[in-house]
Amino acid sequence: MGGLFGVVSKDDCVVDLFYGTDYHSHLGTCRGGLAVLDGREFTRHIHDISNAQFRSKFEGDIQTMRGTSGIGVISDNESQPLLINSHLGAYAIATVGIITNIDQLAREAFRKRTTHFSEMSGGGINPSELVATLINEETTFEDGIRNAQTRIEGSCSMLLLTDKGVYAARDRLGRTPIVLGKKNDAYAATFETSAFPNLGYEVERYLGPAETVLITPDGIEQVNVPGDSMQICAFLWVYYGFPASSYEGLSVEGARYRCGAALARKDTVKVDLVAGVPDSGTGHAIGYANEARVPYGRPFAKYTPTWPRSFMPQIQEVRDLVARMKLLPIQELIQGRRLLFCEDSIVRGTQLRDTVQRLYDCGALEVHMRPACPPLIYGCKFLHFSRSRSDLDLAGRRTVKELEGDANAHLDEYADPKSERYAAMVDRIRQRLSLTTLQYQELGDLVEAIGLPKEKLCTYCWDGCEGCSPQQEIWT
Ligand code: SF4
């Protein structure tokens with residue numbers, strides 16, 4: 001997915017920028033980047049973080065960086081921030097999201113015969129460079145950002161570092177958050193609010209969908225008003241978001257407790273221990289255990305000293321191996337027990353099948369699984385949801401293909417927990433994973449646990465509902 005952090009200060013901002021960006025390391029696995037502006041001079045560093053942590057790659061660089069404003073990014077794919085020279089002046093840009101019509105927008109740009117794209121490091125057009133091209137089509141940053149927001153399909157939140165200050169713009173339907181913070185002599189914009197407390201910032205306010213502000217040392221000025229419609233990613237609360245963060249004022253950890261409690265209220269199974277599949281199942285499991293009044297335990301401990309969460313190899317077999325090597329079973333908590341696990345979601349199910357088998361190998365009597373969200377049926381087309389590459393990677397969709405011979409048959413029914421087809425799909429997944437029972441969260445309960453109205457949440461993964469159409473006018 002990726003994450004962003006920007007800061008504008010009356011003093012040097014590099015330390016805040018460094019740690020603020022580092023606190024987004026769980027959101028991306030490929031590239032990290034920092035850019036600062038000192039007077040009229042930009043300094044920028046970008047590193048591959050696929051095999052090393054952000055901090056270790058940048059701690060040498062920051063010794064030579066100086067500036068009172070800066071932006072940082074953790075990225076799943078492209079190298080950024082990019083430095084752009086344009087008729088608007090020089091600026092740095094970093095973006096988060098996915099541009100699904102990138103080829104069409106590039107063709108439109110080429111037709112003008114005055115555009116070229118120079119950042120081809122990933123083998124394709126760098127999305128941030130394309131966004132910069134759309135911004136440069138207009139006469140002001142404000143209009144340029146709106147031009148980009150209007151023409152991009154998918155989602156794109158961005159930070160622009162300019163000599164006027166830092167522009168922070170949330171994507172058109174607010175699928176990803178941007179939150180503004182303040183401390184004595186500095187203002188910041190962040191994806192994760194968990195970046196704020198240890199740096200001394202307090203949340204000032206949450207940007208609305210499509211809203212743009214200009215952050216200067218003297219304050220925050222709204223330059224583009226927010227739209228009426230929001231489709232923030234519900235998966236942020238289920239899995240992606242850091243537990244100490246809040247989006248739209250709603251705590252991630254709190255939502256996970258409510259998710260687990262909702263699962264427990266609908267359950268009748270009798271177990272000896274409730275556990276989370278580390279790490280993102282932990283909050284859901286605590287919520288479940290407290291509601292069901294069953295002891296919570298950790299039958300697996302995660303070996304974190306050398307396997308940080310952010311390390312996510314691109315090759316599936318290596319990912320599975322890493323997932324296995326991280327988890328250390330604790331036999332005393334497993335042998336002879338009936339165990340119930342909460343999991344954030346079942347994406348492919350391949351790692352989970354191995355995890356369940358290890359529990360039986362350690363003497364578990366029963367293994368019950370309770371995913372905190374419904375079966376994933378539709379692949380995300382709004383963010384880089386790096387845990388699946390195609391719809392058929394998804395355990396739910398693959399099961400539809402197995403049962404129907406057609407991966408697209410009766411998807412409405414497969415998304416309906418009251419239908420026979422849904423029951424058949426869940427039972428097939430249960431058998432494949434060798435689970436004693438498998439019971440997914442219902443979408444209504446997930447929405448209630450998050451605490452926003454359904455129409456403000458993106459739930460496309462589970463029900464295929466797209467909310468606003470891309471063409472729908474959102475500014476009134
Ligand atoms: S499709 Fe799923 S992962 Fe993608 S934005 Fe919507 S809820 Fe989030």
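The chain is numbered in sequence order, starting from 1. From a predicted model like this one, the values you see are computed outputs, not experimental measurements. Both ligands and their constituent atoms are indexed starting at 1 by order of listing. Atoms considered below: every heavy atom in the structure, side chains included; atoms not considered: hydrogens, waters and symmetry mates.
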Atoms of ligand 1, numbered as shown, that sit under 4.0 Å from any heavy atom of Y460: 1 (S)
Residues forming a ring pair (Phe, Tyr, Trp, His ring centres under 6.0 Å) with Y247, sequence neighbours excluded: W237
Hey, is atom 8 (Fe) of ligand 1 within less than 2.8 Å of some N/O/S atom on C233? yes
Is the closest basic N to carboxylate O distance between K266 and E442 below 4.0 Å? yes
Sequence neighbours excluded, which residues qualify as side chain to side chain donor-acceptor pair (under 3.5 Å) partners of E291? none
Ligand 1 to C461, heavy atom cutoff 4.0 Å, flagged ligand atoms 1 (S), 2 (Fe), 3 (S), 7 (S)
Answer yes if the side chains of D344 and Y240 hold a donor-acceptor pair under 3.5 Å, and no otherwise. no
